[in-house]
Amino acid sequence: MTTEKAIVDVRSQLVEVARDILAHSKADTIRPASGIMKLDSRLYSDQANHEKECQNLFKKIPLVLAASCELRESGQFQTMQIAGIPILLVRDKHGVAHAFLNSCTHRGAQLAKGSKARFTCPYHGWTFSQEGLLVAITLNDLFGDIDFKDYGLVSFPVTERAGLIWGTLDPSSSNDLDTFLQGFDMFLETFGLDSWRLAEKRILDGTNWKLAIEAHLEFYHLPVLHKNTFGPNTSNKALYYFWGPHQRLIQPTDSKENLADEHNLFKIADKPDEEWPTEAMTRGEWIIFPNVSINLFYDGGPGILISQVVPGANVNESQTIQTFLTADELEGDARTKVKDLSDFLEFVVSQEDLATSEKQQQALQTGLLHEVTIGRNEAGIQHLHKWINEIVSTGALDQLLSYPRKWTAP
Ligand code: FES
Ligand SMILES: [Fe+2]
């Protein structure tokens with residue numbers, strides 16, 4: 001199933017949303033979902049359901065694996081696991097990014113370490129190139145006859161788009177990136193991720209992946225759960241804009257606070273929209289379905305936080321990978337400031353959000369609370385579940401083939 005790459009008039013679509021944010025901000029309104037949504041609590045605790053999600057969702061659709069700038073140089077590599085699949089990401093000497101099953105084709109050991117030029121298996125020393133080809137084996141004469149061509153690493157299809165490395169973990173999946181994105185990448189392109197730099201990276205353990213990502217999809221909890229950190233004075237309201245399964249959420253703009261902030265929509269509202277800076281129209285949190293949040297911070301030093309929530313093999317395991325990017329290579333005070341901000345965000349997510357999810361998980365696993373309720377004001381979570389449900393049943397993206405390429409709202 002393929003779609004042609006979408007051409008979207010990004011600027012006019014961003015202006016339209018900015019006007020909507022402004023109108024709601026002035027009226028102090030949001031646009032809630034039409035009703036509440038009840039979810040069977042076994043969605044968070046049932047191992048068979050989790051395996052279906054891994055099979056039909058995480059393996060069948062293109063996933064963000066990393067930011068391109070994390071592997072800026074040839075020979076740079078990193079390892080990760082998604083749904084229990086060990087993955088080796090590497091940029092080869094021609095600058096092409098690859099994703100491989102991190103498993104030596106001799107007897108399966110993981111290639112944990114690499115050098116600029118090649119990967120050597122820690123078990124018996126077979127060696128692979130950055131392109132995943134078997135290039136040497138130990139005791140070649142005694143091992144037996146094998147054709148090196150048949151012993152390359154298992155490779156996953158990879159594309160780089162909008163400064164992100166995308167991969168599909170089931171090479172037989174027919175879902176292509178353009179069908180999946182329907183032009184959403186054109187909005188992501190405006191962040192210019194290609195030119196950003198990796199500043200900090202944190203990997204936080206969590207429980208069920210949906211509990212972990214749901215905390216990114218509503219602001220309802222901010223003043224309560226985060227009362228000791230950034231919660232006080234923070235709005236608990238969110239405006240939602242949907243683009244197929246993807247979405248964007250943003251707090252209504254505060255007309256009084258932050259007028260010093262040049263990207264406050266109230267401050268630019270009187271100018272003709274041709275003069276509105278793109279940065280003022282893209283702020284907030286962007287969600288790439290089903291598990292990635294990109295948070296644009298233009299205050300406190302320019303930075304972008306990418307949070308990838310990756311499921312583990314078990315229903316009660318996930319990891320949140322926080323990747324903090326900055327516009328420039330930083331030194332001195334500026335460097336310290338970004339490290340402090342990353343420490344703070346790690347603390348908030350691990351000690352407040354994920355610590356709460358762990359307790360939710362424990363309680364939901366008893367099976368005694370039969371359902372959970374998603375409010376009208378938590379429309380982003382409703383949207384996530386609607387699309388999980390849609391895709392998990394078939395593993396296909398049929399509904400997106402006729403997507404009108406326009407923002408929709410609850
Ligand atoms: S498992 Fe890798 S060399 Fe034996
Ligand atoms: Fe939170």
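Both ligands and their constituent atoms are indexed starting at 1 by order of listing. Everything quoted here is computed from the prediction, not taken from an experiment.
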message: Under 2.8 Å from the Fe ion (ligand 2), can any N, O or S atom of His216 be found?
response: no
Ligand-residue contact atoms, ligand 1 with Gly125, heavy atoms, under 4.0 Å: 3 (S)
message: Closer than 4.0 angstrom, basic N to acidic O: yes or no for Arg91 and Glu160?
response: yes
query: In terms of the angle between their ring planes, are Phe128 and Trp126 parallel, tilted or perpendicular, with boundaries placed at 30° and 60°?
result: tilted
- prompt: How are the rings of Tyr241 and Trp407 set to each other: parallel, tilted or perpendicular (split at 30° and 60°)?
  reply: perpendicular
- request: Could you confirm whether Asp353 has any N/O/S atom lying under 2.8 Å from the Fe ion (ligand 2)?
  value: yes
query: Are Ile304 and Ile294 close enough that some pair of their side-chain heavy atoms sits under 4.5 Å apart?
result: yes
- prompt: Taking the six-membered ring for Trp, are His246 and Phe184 parallel (under 30°), tilted (30 to 60°) or perpendicular (over 60°)?
  reply: parallel
- request: Just jot down the ligand 1 atoms closer than 4.0 angstrom to any heavy atom of Ala109, in number order.
  value: 1 (S)
field: Enumerated ligand 1 atoms positioned under 4.0 Å from heavy atoms of Tyr123
entry: 1 (S), 4 (Fe)
- prompt: Which value, rounded to 10°, describes the ND1(His124)-atom 4 (Fe) of ligand 1-ND1(His106) angle?
  reply: 90°
task: Note the single closest protein heavy atom to atom 1 (S) of ligand 1, along with its residue, its atom name and the distance in Å.
output: Arg107 N, 3.4 Å
- request: Could you list which atoms of ligand 1 come closer than 4.0 Å to a heavy atom of Cys104?
  value: 1 (S), 2 (Fe), 3 (S)
message: Does the structure place the NZ or CZ of Lys210 under 6.0 Å from the centre of the six-membered ring of Tyr44, at an angle of no more than 45° from the ring's axis?
response: yes
- prompt: Counting each atom of ligand 1 from 1 as listed, which ones have a heavy atom of Cys121 under 4.0 Å away?
  reply: 1 (S), 2 (Fe), 3 (S)
message: Using ring centroids (six-membered ring only for Trp), state whether Phe289 and His383 fall under 6.0 Å.
response: no
task: Please identify which atoms of ligand 1 are closer than 4.0 Å to at least one heavy atom of Trp126.
output: 3 (S)
